[in-house]
Amino acid sequence: MNETVVKIENLVKRYKDLIAVDHLNLEIKKGEVYGLLGPNGSGKSTTINSMLSLLSYDKGRIEIFGKEMTPVSYDIKKKIGIIMQDVAVFDELTVYENIDYFCGLYIKDKETRKKYVNDAVNFTGLNDFLKFYPKKLSGGLLRRLNIACGIAHKPELIILDEPTVAVDPQSRNRILEGIQELNQNGATIIYTSHYMEEVEQICTRIAIMDKGRKIAEGTKEELKGMIKNTETITVETDNVPDEILKKINSLSHIYETEQNEDKLIIRCCGGKHNLIRVLNILQESELNFGRVYTELPTLNDVFLEITGKALRDREE
Ligand code: ADP
Ligand code: MG
């Protein structure tokens, strides 16, 4: 069994009457890319900030690298790289100077520091922008600078809080690939996001959060195995007559239909040939319809089944 890097026991953080983190338990092992997935306001950033002792909390115990984490645990902090949700760099320093500053907080040897800064520059692809000031950078480049500052000292544990928000697709892919590379080079990663496809793409284990609580945890396969949905069939069509809906609903292994503006969504639980049986009904009925496609469950389906509401994705 791999050693435990982070252990959170019974963490509670309140803001007046609001419970932002509600009796949370987490255990993260060395080598994981651990995802915290949840909608805005579900308590991801509060968890991260409490975990790092950047925020005081009401209850609970946090251990990192086997030692209790406190605001003065500098020996632990040295081994952690933090990329906050809100970009935190100095506007009056250039790209190079920013990375050098953050690296210098932990790396005192001059030669090593220079090498590490260059590694971070190469890694984030900021070579052409070293003399730029942060204000002149696009959203994607600014994020990459934020990441370079967080990882330059080669931390063993890297925590990224929503690092792809307001980032163009090209930079986003680069960031996701970069995180996987850091993991392959030995770092343990904690990654928060409200984008389920990103979490699916890179995380080895995922905690789904809602209202400060962990509502499910596992690999993406395990999470999808927890729900009854096995397949969702979508038919592009507007306004399906009630009698056809009834027929579809009466098929075995179909537990729910939902009529949106221009789509009929049919949710299946097991069984074979669901698509063919639906198509037969549609064809018999002489209904006008466009594309028909089936999809395997997503983490959104997991969230939907547990909470009764959708986890919004990509477009806000
Ligand atoms: P997430 O990172 O998942 O979007 P947050 O941890 O930022 O969620 O927020 C969790 C909850 O705590 C939200 O309801 C948010 O409004 C509330 N919250 C966060 N920070 C504060 C604060 N400084 N004061 C009061 N409420 C806060
Ligand atoms: Mg947040």
Side-chain angles (χ1 to χ4, degrees), residues 6-26 28 33-62 64 69 71 80-89 139-140 142-147 149-151 157-167 171-172 175-176 179 189-203 205-218 220 223 298-300 302-304 306-316:
V6 176
K7 191 167 183 183
I8 299 180
E9 285 174 318
N10 223 16
L11 178 67
V12 176
K13 170 67 187 176
R14 289 195 178 87
Y15 292 109
K16 295 201 174 125
D17 292 341
L18 178 100
I19 300 198
V21 180
D22 190 358
H23 297 88
L24 182 75
N25 291 287
L26 287 182
I28 300 165
V33 181
Y34 190 90
L36 283 181
L37 173 69
N40 286 328
S42 55
K44 304 181 297 294
S45 295
T46 308
T47 300
I48 298 294
N49 291 332
S50 305
M51 192 178 110
L52 295 168
S53 278
L54 299 172
L55 200 62
S56 66
Y57 43 91
D58 298 279
K59 213 170 139 182
R61 185 187 154 86
I62 290 158
I64 303 185
M69 181 69 181
I80 303 178
I82 312 162
I83 291 99
M84 299 290 231
Q85 181 167 358
D86 298 317
V87 173
V89 294
L142 195 58
R143 272 291 165 194
R144 288 199 235 161
L145 172 60
N146 202 33
I147 293 173
C149 293
I151 61 153
L157 170 64
I158 301 172
I159 300 165
L160 302 105
D161 193 4
E162 308 244 22
T164 60
V165 170
V167 158
S171 286
R172 187 199 314 149
I175 289 170
L176 293 176
I179 293 168
I189 311 278
I190 302 177
Y191 183 84
T192 88
S193 180
H194 63 282
Y195 299 137
M196 60 164 188
E197 350 104 308
E198 291 185 356
V199 168
E200 281 206 28
Q201 190 180 330
I202 66 165
C203 295
R205 214 151 57 89
I206 300 157
I208 302 184
M209 295 200 47
D210 187 40
K211 295 181 185 158
R213 281 177 302 176
K214 179 173 80 177
I215 57 169
E217 183 180 41
K220 59 181 189 236
L223 288 167
T298 63
L299 292 178
N300 186 43
V302 178
F303 194 80
L304 184 69
I306 299 176
T307 67
K309 60 187 186 214
L311 178 74
R312 270 185 305 172
D313 212 41
R314 211 71 260 168
E315 305 80 26
E316 300 275 281

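FYI, side chains are in, hydrogens and waters are out, and symmetry mates aren't considered; it's all heavy atoms of this structure. Counting starts at 1 for both ligands and their atoms, in listed order.
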> Are there more than 12 heavy atoms of other residues, nucleotides or ligands under 6.0 Å from atom CZ of Arg213?
Replying inline: no

>> As a check for students: among Ser45, Ser193, Ser50, Gly43, identify the option with a heavy atom nearest to atom 8 (O) of ligand 1.
In response: Gly43

>> In this structure, does ligand 1 have an atom that sits under 4.0 Å from one of the heavy atoms of Gly212?
In response: no

> Do you know the tightest heavy-atom contact between Arg172 and Val167?
Replying inline: N-CG1, 3.4 Å

> Ala20 heavy atoms, cut-off 4.0 Å: which ligand 1 atoms fall inside?
Replying inline: 11 (C), 12 (O)

> Which ligand 1 atoms does Pro39 reach within 4.0 Å, using its non-hydrogen atoms?
Replying inline: 3 (O)

N/O donor to acceptor pairs below 3.5 angstrom from side-chain atoms of residues 8-19, sequence neighbours left out:
| unit_1 | atom_1 | unit_2 | atom_2 | d |
| --- | --- | --- | --- | --- |
| Lys13 | NZ | Ser56 | O | 2.8 |

> When rounded to the nearest 0.5 angstrom, what distance separates CG in Asp161 from CG in Asn49?
Replying inline: 7.0 Å

> For ligand 1, which atoms have a heavy atom of Thr46 less than 4.0 angstrom away?
Replying inline: 5 (P), 6 (O), 9 (O), 10 (C)

> Checking Thr192 side chain against Glu162 main chain: does a donor-acceptor pair fall under 3.5 Å?
Replying inline: yes

> Do side-chain atoms of Lys220 reach the backbone of Thr298 as a donor and acceptor pair under 3.5 angstrom?
Replying inline: no

>> Just to verify, what does Asp210 make a salt bridge (Lys or Arg N to Asp or Glu O under 4.0 Å) with, not counting sequence neighbours?
In response: Lys309

> Taking N or O atoms only and a 3.5 Å limit, does Asn40 qualify as a polar contact for ligand 1?
Replying inline: no

> Does Leu18 approach ligand 1 within less than 4.0 angstrom via side chain, backbone, both or neither, non-hydrogen atoms only?
Replying inline: side chain

>> Counting C-beta onward and ignoring hydrogens, is there a side-chain heavy-atom pair between Met209 and Thr47 closer than 4.5 Å?
In response: yes

> Mind checking what makes side-chain hydrogen bond (donor to acceptor under 3.5 Å, both in side chains) contact with Gln85, not counting sequence neighbours?
Replying inline: Ser45

> Counting no waters, what protein N/O/S atoms lie under 2.8 Å from the Mg ion (ligand 2)?
Replying inline: Ser45 OG, Gln85 OE1

> Would you say ligand 1 has an N or O under 3.5 Å from any N or O of Thr47?
Replying inline: no

> If you look at every heavy atom in Tyr34 and Cys203, which pair is closest and at what distance?
Replying inline: C-SG, 4.2 Å

>> Starting from atom 23 (N) of ligand 1, what is the nearest protein heavy atom, named by residue and atom, and what distance separates them?
In response: Tyr15 CE2, 3.6 Å

> Any idea which atoms of ligand 1 are less than 4.0 Å away from a heavy-atom of Ser42?
Replying inline: 1 (P), 3 (O), 8 (O)

> Mind checking whether Gly38 has a heavy atom under 4.0 Å from ligand 1?
Replying inline: no

> Got a second to check how far Glu198's CD is from Leu176's CG, nearest 0.5 Å?
Replying inline: 5.0 Å

> Does the protein put a heavy atom less than 4.0 Å from atom 1 (P) of ligand 1?
Replying inline: yes

